[in-house]
Amino acid sequence: MVADWYEGVSLSSEWQPATEAAGASYRLFVTNRGPAPLAGFRIGFSGPARVSDNAALVGGSVVARLSNYCEIAPAAGFVLAPGATWAIEIKALDYPIRHWTDGAVTGFLILADGSTGALRTEPTRLAGSDAVRRKGTMHFPVPEHPPVPVSVIPWPRHVAVSGRRTVPPGLAIGGTSPLAEAAADAFALLTARLFPGEGIVRPAHQGGYRVDLVSGTGGGEAYAIDFAPDHATVTAATEAGFLYGLVTLGQILRGARLHLRQFSFPTAGRIEDAPRMGWRGCHLDVARRFYGRDEVEHFLAILAWNKLNVLHWHLSDDEAWRVEIDAYPQLTGRAAWSGHGLTLPPLLGAGPERSGGYYTRQDVRAVVALAARFGIDVVPEIDMPGHCYALLAALPALRDPGENGLYHSIQSFPNNCLNPGVETVYGAVETILGEMLELFPSRYFHVGADEVPEDAWQTSPVARALGERLGVSGAAALQAHFLRRLQAFLTANGRVTGAWEEASHGGGIDRDNCYLVGWRSAATSRELAAAGYSVVVAPGEAYYLDMANSADWHECGAAWAGFSSPEATYRFEPTAGWSAVEEQHLRGVQACIWSEPMTDRAVFDRLVFPRLSAIAETGWSRDRDYARFAALAGLMPNLYGQREPAGGH
Ligand code: ACM
């Protein structure tokens, strides 16, 4: 086999935190272990961390940069001899690196002729430390004596069961109403997906234990289970209620089967259950990293197993556009992909090869339909007017040609906001939303609204003219005007507008027909409620599942909102200190999965699980108990099957 020309060249990096004597420094090392000298090249690399605008470099110079993507060239005439290392020191990043997933994730060589070669790239080291990098879901062993006899997460409202029978090999589910049959089918699909080969649903002639689904009063997502020695009866009034009753039974069965001594399968008694909150959501960012339809569908099954009922699907951001729009094929043609020389460079650890992806209309329909079977509402988000770098790269005609200055988002994307003063923006957005409303039957449509830079549109003549006409100034007021027009469009189409909390700024959107997600802190959710907005609580410090599990370097994840152990996430009380009036504005809770640090799938499994279940239990259960949760959490599924070794690291 002929070796690629770059074979043997590697990239490693090291972070030296600031000391009393010196500022922080970030060092990159390109080592040539190949047989030939390397000349006329530069490197491109990216990971979550960003090289600052004003970074001082030793050993090279920045020749291109977009957000976290950076190209660095050595001095003219530099030759990297076999066996030699090119060291580059960078004196300033936009924020200090705190975890091993922060630094350069991928790097590649770029030759003068434009050809590229991916480098073997080591995760960033902390200077002076060789701690093991943690990934894979944290180990939660089932204790010898769990505090409860049955394994259920989220814990039901009322559990009074007794007895212990030989664990049935599976459940033979029967029901006569169409609702019951639909729920039984959905449960069979769910368990086959999550636990293939376990045979949780099986007919009576294969030893299935009889489960009767019986229509009863109650409503919404409520259900009851009555146990007898040879069968159980699930009573519910809706398909979701039946499904949740079956999920509870399935969890009891799995717990008892996998941990025979610790848990039992009851023979008598009753479980009565209904959720504390109506909105039990999970946000998934598929823009920063693309997840294929099958991954999303598998994730839906995990949400259902946690009795979560909303998928907030973050389909666009600065880095990418992920949904097919017939009217604008450029969106997925250009903005769903990144790579060297493409409209979007390899951000957040993507490689030089073209990578990315999008969901076709058929994919979306399939995801939405499966979600419905699992009791999950799919709320799409198109993030506007900020976080639109990819959209604007695909549709540059939506910019104000007269805008002649630069502003940057917090993630360092230049001029990344749809301009409220450009009238054609509204037509384009309504066309896009119009197509999406056909694909998404949800009552809700989320329009973003987060993180518009304060200095956005300052040099845009049409934005200034709009401000003068409205008698307002500043980005927040212009954004509020933009969002109110979107809200009016959505309301006219029978939808409720969702947005991040900044939609309350600058005069805000109409409180009727909207909900806002409080994300910047626990306090802001309460402020939104106090201001009369319907609130979904999702504070970064507790519910952002991209934040690391602890402050340790060897944990993966981000740190800008802090860190949160599973216990801290579990113990977070969304309405602590709220008045009774404020509590009336609580719609629910939501986990937020942002994908910047999800450099590999084992990182996803560590960051998301079991904290997702901790939030699910907060949304569902009135009675919370961390010791009980910790005893049961190890039974919950993760997405990729990546778990840390027993005993941890
Ligand atoms: C957000 O985290 N920017 C909503």
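Ligands are counted one by one from 1 in listed order, and the atoms in each one are counted from 1 as well. Side-chain atoms are counted along with the backbone in the values below, which use heavy atoms only and exclude waters and symmetry mates.
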Could you tell me, atom by atom, which parts of ligand 1 come under 4.0 Å of a heavy atom of Glu451?
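Near Glu451, the atoms of ligand 1 are 3 (N).
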
Would one find an N or O of [X], backbone or side chain, under 3.5 Å from an N or O of ligand 1?
X	answer
Tyr544	yes
Asp450	yes
Trp500	no

Kindly state whether the ring of Tyr358 and the ring of Phe290 have centres lying under 6.0 angstrom apart.
no

Listed pairs under 3.5 Å, donor-acceptor, residues 431-442 side chains, sequence neighbours left out:
from: Thr431; atom 1: OG1; to: Gly427; atom 2: O; distance (Å): 2.9
from: Glu435; atom 1: OE1; to: Asp326; atom 2: N; distance (Å): 2.6
from: Glu435; atom 1: OE1; to: Arg361; atom 2: NH1; distance (Å): 3.0
from: Glu435; atom 1: OE2; to: Asp326; atom 2: N; distance (Å): 3.3
from: Glu435; atom 1: OE2; to: Ala327; atom 2: N; distance (Å): 2.8
from: Glu438; atom 1: OE1; to: Arg361; atom 2: NH2; distance (Å): 3.4
from: Ser442; atom 1: OG; to: Asp377; atom 2: OD1; distance (Å): 3.1
from: Ser442; atom 1: OG; to: Asp377; atom 2: OD2; distance (Å): 3.0
from: Ser442; atom 1: OG; to: Tyr444; atom 2: N; distance (Å): 2.9
from: Ser442; atom 1: OG; to: Tyr444; atom 2: O; distance (Å): 3.4

Whether Asp605 and Lys135 form a salt bridge (side-chain N of Lys/Arg under 4.0 Å from carboxylate O of Asp/Glu) is what I want to check.
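No.
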
Are side-chain N/O atoms of Trp500 and Glu381 paired as donor and acceptor at under 3.5 Å?
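The criterion, which ignores hydrogens and geometry beyond distance, is satisfied for Glu381 and Trp500.
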
